[in-house]
Amino acid sequence: MADEDSTRRGIGVSPGSAYGPVVLVAPPVRAPEGESAAADPEQALTEVKAAFESVARDLEERAGRVEDTAAEILMATALIARDKSLLKAAGKHLREGEGPATAIEAAVSEFVVQFEALGGYFAERVADLRDVGARAVAAVLGVPAPGVPDLDEPSIIVAEDLAPAETAVLDRALVLAIVTSGGGRTSHTAILAAQRGIPAVVQCDRALELVAGAHVAVDGDMGTVTLEPSEAFVADLTARRERRASALSGSTGPGRTNDGHAVALLANIGDVEDAVAAAAQDVEGVGLFRTEFVFLSATSAPTVEEQAEVYRRVLTPFGDRRVVVRTLDAGADKPLAFADLGPEENPALGRRGLRLSAARPELLDTQLEALAVATKDTGADVRVMAPMVATAEEADWFARRVREHGLPKAGVMIEVPAAALRSRHVLADMDFASIGTNDLSQYALAADRMQGELSDLLDPWQPAVLDLIAAACDGGARTGTPIGVCGEAAGDLLLALVLVGLGVSSLSMAPSKVAMVRLALSLHSLPGCQRIAASVREARTAADARQVATELADGGLRDLL
Ligand code: PEP
Ligand code: MG
């Protein structure tokens, strides 16, 4: 066993374990404040040119080592670094008396404004332009480039936090695990890591004090990082990984308890690539397609045909398996440029989700029309649900619009406490519902889900959240509406048992979590899950609730935890 001092604790957000060397991600470098003017602007321009050139060469070299799409992105970014007008603009700033790093930042800012004004393809390159700028600033200052460095061997990435775009392009073969000091259990980095099957620990205590090259063991289930673990410790971790792998090899097919009660096990997806990957796995369909993820970088509203093409490509791989599509959940932590209603004091409590659809009904209608076209073209089992529903009127308004477009099934997310408490009314005219435990925790505990330091409050084991879930399920039982869960709680092995005990009939999660949840269900009966749920609801604290569930769970499952 490792001693306390060598163990760093955080929150495990993506299951699995790994052992390997630490690679630290350098934070973005800014030009020093008040950087002095270049003594010789022409000489400084030569240095800035060399900095851009080294960025371009570095990107090209990386492109040579990755596959198709990632390579194309890197080559296109290298072209930006070689852009003559960017260099010219930096030269102008140098002659006006700015220092080299400041001149690069100023030139990049001007181009950002121009690219944004051009819109379309150019506006989508703004993030790449900023990346080139940050790399060139680092090069001219002679410090390491920002972002995830090139990996020569399988490594453990340690960062303050990672941008979703960075997480999305990490090479799975070289990234053994991710450890961050920031982030939270429902941050999009956590969601993407789980989606890609990379073990991850966020909110890790003193993570940034880890030393590059040191060997650590990461446990994405327990949320621990162990420094320079002993051979015996690594052997234990490996043995547990193997025990799990062997237990999982027999866990296939539809989800059910050991007395035959069916619980559909579904995947959460965010784009076409996720859909193709999830469809190849043993899942019963999709319980949450976050459509806003597809359009995060779009600067103008996607047309019916553009959307229909995306939806066809998402639906086709699933054949006749169900696909629950959530209409745009824009706003707050997921702003969309084309669906922006202007600044708000409290975006999480503002016009987001379905409220934005009410303010811009043409966006909802375009999306429903595109979904209807894609459903007809593919013959898929499509079910459409609305995010952020608070009242029965909102639910009815949405269901009417869905049906007017000829779409067969309308549902709502239950992620606002009001909807959970009044679910028998909210669900009266709905075909299904899905509980979003990420936002339900945020709103029940009045704790911003983006604020990692509030993780204890954002814990879905909080008794108040469990009471709201129970209330939602009671309402669903009265109206005969099937209720699922698609927040991160669905992929927590023990909590999944509690949710089933409370009456949930489907669980949707990152595909990498499905096999373990299937196994957990197969070790328990429905009455067993109900007993665990009843005992857990007596707990006074989140920690007690988790402890009670651990004690009551089957010993076979505890061995795998
Ligand atoms: C949720 O809130 O639990 C949910 C599933 O939706 P999102 O995380 O996309 O807000
Ligand atoms: Mg939500």
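It should be emphasised that the depicted structure is a prediction, and the values quoted were computed from it without experimental measurement. Every number for a ligand or one of its atoms is a count from 1 in the order of the listing.
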Any Arg256 side-chain heavy atom under 4.5 Å of His261 side chain: no

Between Asp544 and Trp461: side-chain donor-acceptor atoms closer than 3.5 Å: no

Between Asn268 and Ser508, a side-chain donor and acceptor under 3.5 Å: yes

Minimum-distance N/O/S atom that Asp439 presents toward the Mg ion (ligand 2): OD2

Donor + acceptor pair across side chains of Glu306, Tyr311 (<3.5 Å): no

Ligand 1 atoms in contact with Cys486 (distance to a heavy atom under 4.0 Å): 5 (C)

Numbered atoms and elements of ligand 1 in range of Leu288, under 4.0 angstrom, heavy atoms: 5 (C)

Between Thr437 and Glu488, a side-chain donor and acceptor under 3.5 Å: no

Under-4.0 Å salt bridge between Asp340 and Arg351: no

N/O/S atom of Asp329 inside 2.8 Å of the Mg ion (ligand 2), strictly under: no

Min heavy-atom dist Arg326 to ligand 1 below 4.0 Å: yes

Presence of salt bridge, Glu309 and Arg312, under 4.0 angstrom: yes

Per atom 10 (O) of ligand 1, closest listed option by heavy atom (Arg449, Met509, Glu292, Arg352): Arg449

Of all N/O/S atoms in Glu415, the name of the one nearest the Mg ion (ligand 2): OE1

Glu488, portion touching ligand 1 at heavy-atom distance under 4.0 Å: neither

Numbered atoms of ligand 1 (with element) below 4.0 Å of Met413, judged on heavy atoms: 4 (C), 5 (C)

